[in-house]
Amino acid sequence: MDSKQLSKQEYTTRINRVMDYIRLNLDKSFDLATLASVASFSPYHFHRIFTAMVGETPNNFVSRIKLEKAAQLLHNNPKASVSEVAFTCGFVNVSSFSRAFKGYFGLTTTEFRNQDKAIYIKNGVRYSKDCKAVSKIGKNIQQVNEQFCSVEFNKIIIMDTKIEIKRMPELNLIYCRHTGDFKKIGQAYEKLFSWAIPRELVNQNTKTVTVYQDDPAITSIDKVRQDACIIVDGNVKVDGEIGKLNMPSCRVL
């Protein structure tokens, strides 16, 4: 492996470390110096490298992640007040949160909460369970594919599925992060197994887990982060594009 590839892997590791730090401290405010310190870069180099690799500045990334997390909470926690959501996502007051939310989604928090959540996405259009187009970020009007609604969507809704809610134990994971098209998550798994097999971390009992860091019903598909993971025992030393992730016990579908 040449020095250029090593540099890219090292940069990926540091940027993922920053993303994980933001996720775990979403209720806090972040400045450039703090995030640069997490990545072990000077502020100038961190801003340049982060922007080049992620496609948005650190400030824009933090703002987007906070607002999209707030949107998830508004939909998934109907009993939570707007102020609770705002403070959970690191906003200093409700008024600044409300202005930022409407500026980003094109809807007030009340309008967003009353809107059906998207359950299926096709050709960039988000559809609710009633086959209504759900607004994209910053856009309230979408063209609905009527043929899709009358044929394909009905098949999805009426298909015989059994949904179970289970409590998962705490999971100790190592991951390789993929951002974008769901169909390409296999590339991340290939990298993960190529790293893990020589280190004897894979056997016949190894289990894989895909962790979605973003909600595709809210986040643009090209920015949805998915972690291809395997469950490991103990404290595994990671390097390159491979990171560590601890999932606390929780209820899942």
Side-chain angles (χ1 to χ4, degrees), residues 6 8-28 30 34-41 46 49-50 53-56 58 61-62 64-66 68-70 72-73 76 88-90 165-203 205-219 221-253:
L6 284 171
K8 183 178 179 181
Q9 287 190 355
E10 178 62 24
Y11 288 172
T12 299
T13 297
R14 298 192 194 189
I15 297 304
N16 284 342
R17 189 190 307 157
V18 172
M19 290 183 176
D20 293 340
Y21 175 81
I22 293 169
R23 174 178 57 83
L24 294 171
N25 298 278
L26 205 63
D27 59 330
K28 297 180 173 60
F30 305 104
T34 298
L35 297 181
S37 177
V38 172
S40 300
F41 284 126
F46 170 69
I49 292 168
F50 187 98
M53 294 188 68
V54 180
E56 53 191 324
F61 176 84
V62 169
R64 177 174 67 80
I65 293 298
K66 284 177 176 286
E68 291 179 352
K69 180 61 177 180
Q72 291 182 46
L73 294 175
N76 299 337
T88 297
C89 296
I165 298 178
K166 295 183 177 181
R167 176 160 289 280
M168 295 292 292
E170 181 179 1
L171 299 177
N172 190 39
L173 309 170
I174 59 172
Y175 74 83
C176 182
R177 182 159 295 161
H178 166 70
T179 302
D181 192 340
F182 301 136
K183 296 178 183 179
K184 297 181 180 180
I185 186 69
Q187 297 174 5
Y189 272 109
E190 288 178 7
K191 292 180 181 179
L192 178 63
F193 276 91
S194 293
W195 185 92
I197 289 174
R199 291 165 175 79
E200 299 183 349
L201 296 173
V202 177
N203 56 52
N205 297 316
T206 297
K207 295 182 179 179
T208 62
V209 178
T210 301
V211 177
Y212 292 87
Q213 298 291 354
D214 304 289
D215 185 344
I218 295 169
T219 303
I221 296 302
D222 63 320
K223 294 186 181 300
V224 172
R225 295 165 296 162
Q226 306 141 66
D227 292 342
C229 310
I230 59 173
I231 302 173
V232 295
D233 295 322
N235 185 23
V236 175
K237 184 178 180 180
V238 295
D239 56 47
E241 295 184 61
I242 310 304
K244 289 191 290 188
L245 178 65
N246 179 266
M247 292 292 294
S249 176
C250 63
R251 298 176 71 194
V252 297
L253 291 176

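We use all heavy atoms of the structure for the numbers below, so side chains are in, but hydrogens, waters and symmetry mates are not.
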Salt bridge (charged side-chain N to carboxylate O under 4.0 Å, His left out): pairs with one or both residues in residues 183-199, sequence neighbours excluded: K191-E241, R199-D239

Just do the side-chain contact (heavy atoms from CB on, under 4.5 Å) check on R14 and I49 with the steps written out, would you? CA-CA 10 Å; R14 298 192 194 189; I49 292 168; over 6 Å; no

How would you list, by chain and number, every residue that makes a side-chain hydrogen bond (donor to acceptor under 3.5 Å, both in side chains) with N205, sequence neighbours excluded? none

Closest approach of K28 and K66, non-hydrogen atoms and distance? O-NZ, 2.8 Å

Just jot down the salt bridge (Lys or Arg N to Asp or Glu O under 4.0 Å) partners of K69, sequence neighbours excluded, or say none. none

Taking K244 for its side chain and K237 for its backbone only, find out whether a donor-acceptor pair lies under 3.5 Å. no

Would you mind listing every salt bridge (charged side-chain N to carboxylate O under 4.0 Å, His left out) that reaches into residues 172-182, with sequence neighbours excluded? D20-R177, R177-D227

Could you pull out all residues at least two apart from A188 that satisfy side-chain contact (heavy atoms from CB on, under 4.5 Å)? C176, H178, I185, A228

Can you tell me how far CD1 of I221 sits from OG1 of T179, rounded to the nearest 0.5 angstrom? 12.0 Å

Between N172 and G234 (side chain of the first, backbone of the second, donor and acceptor by atom type, cut-off under 3.5 Å), is there such a pair? yes

Could you tell me the separation between the CG atom of L201 and the CD1 atom of I242, rounded to the nearest 0.5 Å? 10.0 Å

List the residues meeting side-chain hydrogen bond (donor to acceptor under 3.5 Å, both in side chains) with Y212, not counting sequence neighbours, and say none if there are none. none

Non-hydrogen side-chain atoms of P216 and F182 separated by less than 4.5 Å: yes

Could you tell me which residues satisfy side-chain hydrogen bond (donor to acceptor under 3.5 Å, both in side chains) with T34, sequence neighbours excluded, listed by chain and number? D31

Using a 4.5 Å cut-off on heavy atoms from C-beta on, say whether the side chain of T88 contacts that of L26. no

Check the pair L245 / R23 against side-chain contact (heavy atoms from CB on, under 4.5 Å), numbers first and verdict last. CA-CA 11 Å; L245 178 65; R23 174 178 57 83; 3.1 Å; yes

Find out whether T208 and F193 are in side-chain contact, i.e. whether some heavy atom of one side chain is under 4.5 Å from a heavy atom of the other. yes

Check whether any side-chain heavy atom of L173 sits under 4.5 Å from a side-chain heavy atom of I231, and report yes or no. yes

Quick check: do L35 and I22 have side-chain heavy atoms less than 4.5 Å from each other? yes

Residue set satisfying salt bridge (Lys or Arg N to Asp or Glu O under 4.0 Å) with R225, at least two apart, ordered chain then number -> D214

How many angstroms lie between atom CD of E10 and atom CD1 of I15, to the nearest 0.5 angstrom? 10.5 Å

Return the set of residues passing salt bridge (Lys or Arg N to Asp or Glu O under 4.0 Å) with R17 (not counting sequence neighbours), or none when no residue passes. none

Partner set under ring pair (Phe, Tyr, Trp, His ring centres under 6.0 Å) for Y189, not counting sequence neighbours: none

Could you pull out all residues at least two apart from D233 that satisfy salt bridge (Lys or Arg N to Asp or Glu O under 4.0 Å)? none

F50 meets the ring pair (Phe, Tyr, Trp, His ring centres under 6.0 Å) criterion, sequence neighbours left out, with F46, F61

In terms of heavy-atom contacts, V18 and A39 come closest through CG2-CB, 3.6 Å

Any non-hydrogen side-chain atom of E68 less than 4.5 Å from a side-chain atom of D215? no

Can you confirm whether Y175 sits close enough to Q213 that some side-chain heavy atom of one is under 4.5 Å from a side-chain heavy atom of the other? no

